[in-house]
Amino acid sequence: FENFNWLGKWFGDTFNVLFLMMSGVLLGMSWNSKDRPAYGMDFLKHRFRRLSKVYYPFLVVMFMFCIFIEEAHIGLKDVVMHFLYLPWFDKIEGFGHLWFMTMIALCYIGAVLISRIRIVWGGGNFLLVLIILIGVSLHTLFSVVHLPGYMFLYLMFFLLAFLKAPKLVSYTDTCKGGHLVVSCFVLVLTIFLYHGSYLNNTILWS
């Protein structure tokens, strides 16, 4: 319903970030339990193998549906891009939601890079500030040339959650009623902002 597009955007902007940050916390807790090793190809192979067991069969069925049911033109580029986890840059009508697979792949690669960078630079606030500056800068740069720059904002939140996973978990363990009231107030406030279209053209703030 067009009258409720604002609500769909609120759900997307709120819970896409939440899902990715939860993934960052889970991977970060696992990383911390292993004494924060430098991840490499073994980590990526394991993660992509788990994803591909579900993702690749889905793609086969999807392409068969597009070709035989919708009679859509599917080229070699579409197949290659999707199997390489790059559907964000090759969206097929009706299946644009697969951009999320590109995002998950980018987060896994980001986890590998940040696990190695942390060994060299340490895990202080400097690294956190650097991640935020790079994330916002890349978002702005890509948006200027009409590319999905907000992928870097998503990645930024994922990496912050990955690095600070123990503190985030510790914080949630100590949350009380007051925290819940404040959280509910913020959520309701943002719903009103979306309903009033105050955040339609400001991806960074939304």
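Computed over heavy atoms, backbone and side chain alike; hydrogens, waters and symmetry mates excluded.
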**Q.** Candidate list Trp99, Trp88, Phe15, Phe100, test ring pair (Phe, Tyr, Trp, His ring centres under 6.0 Å), partner Tyr154, passing option
**A.**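 The ring pair (Phe, Tyr, Trp, His ring centres under 6.0 Å) with Tyr154 is passed solely by Trp99 among Trp99, Trp88, Phe15, Phe100.
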
Starting at [atom1] of [X], measure out to [atom2] of [Y] and round the result to the nearest 0.5 Å.
X: Thr102; Y: Met81; atom1: OG1; atom2: CE; value: 8.0 Å
X: His73; Y: Ile67; atom1: NE2; atom2: CD1; value: 9.5 Å
X: Trp10; Y: Phe192; atom1: CH2; atom2: CZ; value: 12.0 Å
X: Asn3; Y: His195; atom1: CG; atom2: NE2; value: 9.0 Å
X: Leu113; Y: Ser115; atom1: CG; atom2: OG; value: 7.5 Å
X: Asp78; Y: Cys66; atom1: CG; atom2: SG; value: 9.0 Å

Flag yes if [X] and [Y] sit in one hydrophobic cluster, no otherwise; membership is Ile, Leu, Val, Met, Phe, Trp, Tyr, and two members link when side-chain heavy atoms are under 4.5 Å apart.
X: Phe68; Y: Val79; result: yes
X: Val25; Y: Tyr171; result: no
X: Leu76; Y: Leu59; result: yes
X: Phe58; Y: Val54; result: no
X: Met64; Y: Val80; result: yes

So, for [X] and [Y], which heavy atoms are closest and what is the spacing to 0.1 Å?
X: Leu155; Y: Leu106; result: CD1-O, 3.8 Å
X: Leu159; Y: Ala111; result: CD2-N, 4.0 Å
X: Ala161; Y: Leu168; result: CA-CD1, 3.8 Å
X: Thr174; Y: His179; result: O-CE1, 4.2 Å
X: Lys9; Y: Ser206; result: NZ-OG, 4.2 Å
X: Ser52; Y: Tyr85; result: OG-OH, 2.8 Å

Give every donor-acceptor pair under 3.5 Å between a side-chain atom in residues 34-50 and any protein atom, sequence neighbours left out.
unit_1: Arg36; atom_1: NE; unit_2: Asn32; atom_2: OD1; d: 2.6
unit_1: Arg36; atom_1: NH2; unit_2: Asn32; atom_2: OD1; d: 2.8
unit_1: Arg47; atom_1: NH2; unit_2: Tyr108; atom_2: OH; d: 3.3

Q: Look at atom NE2 of His97 and say whether more than 12 heavy atoms of other residues, nucleotides or ligands are closer to it than 6.0 Å.
A: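 More than 12 within 6.0 Å, yes.
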
Q) Centroid-to-centroid, Phe95 to His82, below 6.0 Å? A)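 For Phe95 and His82, the ring centres are not under 6.0 Å apart.
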
**Q.** Ile191 vs Trp6 side-chain heavy atoms within contact, under 4.5 Å
**A.**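 SC-SC contact between Ile191 and Trp6 confirmed.
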
(Q) Run the side chain to side chain contact (heavy atoms under 4.5 Å, CB included) test on Ile74 and Ile92 for me, step by step, so that the C-alpha distance in whole Å, both residues' side-chain angles and the decisive distance to 0.1 Å come before the verdict. (A) CA-CA 9 Å; Ile74 300 296; Ile92 295 175; 4.0 Å; yes

Please table the atom pairs, donor to acceptor, closer than 3.5 Å between any side-chain atom in residues 130-151 and protein atoms at least two apart or in another chain.
unit_1: Ser137; atom_1: OG; unit_2: Leu133; atom_2: O; d: 2.7
unit_1: His139; atom_1: ND1; unit_2: Tyr150; atom_2: N; d: 3.4
unit_1: Thr140; atom_1: OG1; unit_2: Val136; atom_2: O; d: 2.9
unit_1: Ser143; atom_1: OG; unit_2: His139; atom_2: O; d: 2.7

Q: Test side chain to side chain contact (heavy atoms under 4.5 Å, CB included) on Arg118 and Trp31 and set out the steps.
A: CA-CA 12 Å; Arg118 188 193 174 281; Trp31 178 57; 3.2 Å; yes

(Q) Apply side chain to side chain contact (heavy atoms under 4.5 Å, CB included) to residues Leu127 and Ile114 and explain how you reach the verdict. (A) CA-CA 9 Å; Leu127 183 56; Ile114 209 67; 4.2 Å; yes

Q | Donor-acceptor under 3.5 Å (Ser33 side chain, Ser30 main chain) | A |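 Between the backbone of Ser30 and the side chain of Ser33 there is a qualifying donor-acceptor contact (under 3.5 Å).
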
Q.
Check whether Thr14 reaches the backbone of Phe11 with its side chain - one donor and one acceptor, N or O, closer than 3.5 Å.
A.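 Here the side-chain-to-backbone pair does not exist.
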
Q.
Is there a side chain to side chain contact (heavy atoms under 4.5 Å, CB included) between Arg116 and Ile119? Walk through the geometry before answering.
A. CA-CA 5 Å; Arg116 292 174 172 270; Ile119 291 176; 5.6 Å; no

